[in-house]
Each structure stands twice: as structure tokens, then as C-alpha cells.
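Letters A, B, ... are given to chains in the order of the sequence lines, protein chains preceding strands, and every chain is numbered from 1. Note that this is a predicted model, so its numbers are computed, not measured.
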Protein chains: 2
Amino acid sequence: MARKVGSHAGTTGPRVRAAALRLFAREGYAAVSMRAIAAEVGVQAGALYLYTPDKQTLLFDLMREHLEEVRAAWAAVRPDPAPPAERLAAFARFHVNHHIDRPEAVFIAYMELRALTPENFARIEALRRAYEGELEAILREGACSGAFRLPDARLAARALIAMLTGVTTWYRAGGPMSRAEVAEAYAALALRAVGAPA
Amino acid sequence: MARKVGSHAGTTGPRVRAAALRLFAREGYAAVSMRAIAAEVGVQAGALYLYTPDKQTLLFDLMREHLEEVRAAWAAVRPDPAPPAERLAAFARFHVNHHIDRPEAVFIAYMELRALTPENFARIEALRRAYEGELEAILREGACSGAFRLPDARLAARALIAMLTGVTTWYRAGGPMSRAEVAEAYAALALRAVGAPA
DNA sequence: AAGGTATCTGAACGCCCGTTCAGTTCAAGC
DNA sequence: GCTTGAACTGAACGGGCGTTCAGATACCTT
């Protein structure tokens, strides 16, 4: 046997990445073999190397695409000239809504950093810092203008990011609360945490 | 060669667990071999099996000990008859202070759940729920008494736990802030988040 | 219909894995 | 000082790992 019926790089490529995303999130990068990914796609292990140069790059690309997507999505909805409280509320709602639909990518991007080579780690960290810097800038500005009352902008940014991202560890669609309700609840917590009651 | 000079189960046992804790946290359970742990201890791989029946139990015991220690430590300092705001502040300070000194154990206990067998996972989850239930109870009580204003006690408990635990991802001793200052800053964020200004 | 190319198989490479165990050496109780 | 058992070695087991590649088959262009 060789080439499969209906095979096409345009479909197999995305299926490889989807399988890797799902398995990496569920079992962890190190615990997932290329053979397991291939089996999920319905292909032999060797065929994966038509779509990625190696396993490390497969992980790196998944992370990079996730972080670039987050940045682009935020840039598209970010209210730019707006008071700090409104910008913070928008960020919190956006962050929760965006992450709640991508628990697997979020999990990988935060937990498999240690599996990256030093070079790849540095590039991913730069992307993350750029995104998280958006929140820190909002907080810093609000602290300066007196709109927020907070201990330390950097600490508060880290604390709020952790809080907001944590939604992915428990939320599952079909529960008692809708995505929008959850996002609103988190936004209210974030606003009050910095002394800007909603 | 066989038995080492100065060898003693009372010293090697803890060194095995310490090495496993450090390596599991840094590389991940699946990525760490028994040979790597043995090398860190200065011993051959076979010798590890004098101290653990297998690799899985080694991980499970590390998690269980960590969670039982957290519960016991909180039980020892918990202010029991006290107003909700005071109890929340105590919990936040305790949680940050306790976790900030054990980043490796925290990381493992939250991230290697997927590496546990279903049986072991259930036991660890029960311990975690018991601890996090303490915070939820405080929030629920405060919401009932009107001391707190929050969207949903369970959601808020999860959000605050995620926020507080997040301190382990960035805090390193020797930075500009002391442990106590960090704990106080997080406690202030937590109090304000539930509408109980510090 | 034919040729070329994209896609995949199946076997193989060297290496590392968790775990076991017979054998060896050290420490401690008498 | 001898004996006994605790502590450890070193080799081995079967199996899985990431990756490569020659060969086979399906699709696409002409």
C-alpha cells in the first residue's frame, strides 16, 4: 500500500496539527509519540514528516499560531482611545471569551514551555510578554490617572492574567453558565480587584 | 561495586523524592527517566526501587504529601470564628506565603494530574477539592451575610485560587518585593475583587 | 491515455525506557 | 570479630521512541 484514497495535503496537514494539539493537551508533549499522532490521523508515522520537520517544530508551531492569533484578535477589538476602566473590562471580557473556546491551545502554550528548545522558548516568551504587556499598560495608565488603586502594576497584571486564564481549567460548554455570563463575571472581579467597581 | 559508603535509607529516601520533585517540575513527569532521577541522587536506577514501588507511585506520593501539607498548614492557622473579610484575607496571605516557597510541588500538583492513573487522579482531586472548598465556604458565607458582593461563589473561588496560585509562576526570592509584601498585595486584590476593600 | 508528482507505507536505524534480579559490599548488633 | 541484613550495582528483559527512506500507489495535468 502507499498513497491513500482521497489523500490531500490541504486536509491532512490541518488534521495532523489538530491531532497533535488534542493529544499534547491531554497527555503532554513528552508522553505523546509521533506514532500516536499518526494513528489519530489514520496514517503511518513516517507520513507526518511531510507536514513538519520534526516533533519539536510541531509543538512550536502550535504555540506560535495560538499566541499570534490571540494578539491579532485582541488588536481587532481593542478599544483604543477609551478610559482605563473600559479598556480593562474589554480586555477581561475578550481574554475570557477567547481562551474559553481554546482550552487545549491555552494549556499547551502555558504548560509545555519547558519542552521547547531554548531558542524556541525565547520566541514564545516574547510573544506572550507582548500580549500580557497590553494588560500591564492598561493597569499602569489607570494607576497613573487615579482610575485604579493597585499595589503594583506588574504584579496586578500577572495576578489578573492568571485569574482570567484559569477559566480554561474548569469551564465546559453546556454548564449552567453561558460563555458571556462567565466573561462578565470575570470582568467584574477584575474591575473590582483594581478598585474600579463595575 | 555494591553498597555505597555512608549509605543509609534515611538519607537516600528523601534525596530520591527531592530529586524527583525537582526534575518532574523542570522537565515534566513523562520526560524524566528513572535513570535521570538516579543520576541526580548519585545512584543506579535499580536502587530507586528500594524507595518506591514504581515511577507512578513516586509521582502520586509527591502530590499527596504536598496537598496534605497544605491542608494541615491551613488548618493550623485558620481563624475560625471570624468575619468573612478577615478569613478571606488570612486565606489569601496563607495561600501565597505557603505556595511561594514550594513552586516545584505546586507546579507538579497542578500540571501532572494527567500523568496519574484514574484511581490516583481521583484521590488527588478529592484532596484538592477539600482545600479549595475552604475558600469557597468563606466566599459563600460572606456573600450570604452581605460582606462580599460577588457573581457566583464557586466561580469566584476558582478565579481567586487561580490568581493566588499564579504567584509561583513568576516570584523568585531576591526580587524587589519580599514574600510578605507580595502576599499582602495579593490579599488586597482578593479582598477588593469580592467587594470587601482592605 | 500517459507521465509526472504528491502522498503514504512498511521496514529499518540506533537509542532510551521502566523494571527485575542475582550478586557484591557496607553497616550494625551481638 | 563475626554474622546478618540493608543498600546498592550492573546487566539484562521486552518494548517503544524519533526519524529516515526506498518503493508503491493515487491524483492531476496534458
Side-chain angles (χ1 to χ4, degrees), chain A residues 1-24 26-63 108 112 114-117 119-120, chain B residues 1-24 26-63 108 112 114-117 119-120:
Chain A
M1 278 182 274
R3 181 167 186 172
K4 296 280 198 72
V5 183
S7 62
H8 179 39
T11 71
T12 306
R15 292 184 61 212
V16 167
R17 287 203 298 278
L21 185 75
R22 184 164 49 248
L23 290 176
F24 285 166
R26 194 186 316 155
E27 324 260 2
Y29 173 78
V32 174
S33 69
M34 293 299 268
R35 284 170 179 84
I37 297 171
E40 188 96 347
V41 176
V43 117
Q44 294 299 313
L48 299 181
Y49 292 85
L50 292 167
Y51 304 99
T52 182
D54 47 43
K55 191 186 175 190
Q56 165 74 205
T57 305
L58 185 50
L59 173 65
F60 173 71
D61 285 341
L62 289 174
M63 289 191 183
I108 290 174
E112 297 295 355
R114 61 191 174 191
L116 293 172
T117 62
E119 273 176 359
N120 286 343
Chain B
M1 277 181 275
R3 183 168 185 170
K4 295 281 198 73
V5 183
S7 63
H8 179 39
T11 69
T12 307
R15 292 184 61 212
V16 167
R17 287 202 296 279
L21 185 75
R22 184 163 50 249
L23 290 176
F24 285 166
R26 194 186 315 155
E27 323 261 4
Y29 173 78
V32 174
S33 67
M34 293 300 268
R35 284 169 178 83
I37 298 171
E40 188 95 345
V41 177
V43 115
Q44 294 298 315
L48 299 181
Y49 292 85
L50 292 168
Y51 304 99
T52 182
D54 47 45
K55 192 186 176 190
Q56 164 76 203
T57 305
L58 185 51
L59 173 65
F60 173 70
D61 285 341
L62 289 174
M63 288 191 183
I108 290 175
E112 297 295 354
R114 62 191 173 190
L116 293 172
T117 62
E119 273 176 0
N120 287 342

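With hydrogens and angles ignored, the 3.5 Å screen pairs a side-chain donor or acceptor of K55(B) with a backbone N or O of Y29(B).
Between dT9(C), dA6(C), dT19(C), one nucleotide has an atom nearer to the side chain of R3(A) than all others, and that is dA6(C). Picking from dG18(C), dA26(D), dT20(D) the nucleotide with the shortest atom distance to the side chain of Y49(B) gives dG18(C).
In this structure, T12(B) does not reach the dA7(D) phosphate: none of its side-chain N or O atoms is under 4.0 Å from OP1 or OP2. Phosphate contact (OP1/OP2 of dA26(D), side-chain N/O of K4(A), threshold under 4.0 Å): absent. Checking the phosphate oxygens (OP1, OP2) of dC17(D), a side-chain nitrogen or oxygen of S33(A) falls inside 4.0 Å.
The stretch residues 50-62 of chain A touches DNA chain C through L50(A), Y51(A), each having a heavy atom under 4.0 angstrom from the strand. Proximity of residues 36-45 of chain A to DNA chain C (heavy atom under 4.0 angstrom from any strand atom) is restricted to V43(A), Q44(A).
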With a cut-off of 3.5 Å and sequence neighbours excluded, list every side-chain donor-acceptor pair involving residues 13-22 of chain A.
unit_1	atom_1	unit_2	atom_2	d
R15(A)	NH1	V41(A)	O	3.4
R15(A)	NH2	V41(A)	O	2.9
R22(A)	NE	E40(A)	OE2	2.9
R22(A)	NH2	E40(A)	OE2	3.1

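Between M34(B) atom CE and dC8(D) atom P there is a gap of 14 Å when expressed in whole angstrom units.
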Take E112(A) and L116(A) through the side chain to side chain contact (heavy atoms under 4.5 Å, CB included) test and state the conclusion after the steps. CA-CA 7 Å; E112(A) 297 295 355; L116(A) 293 172; over 6 Å; no
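Between the base of dG16(D) and the side chain of R35(A) there is no donor-acceptor pair shorter than 3.5 Å.
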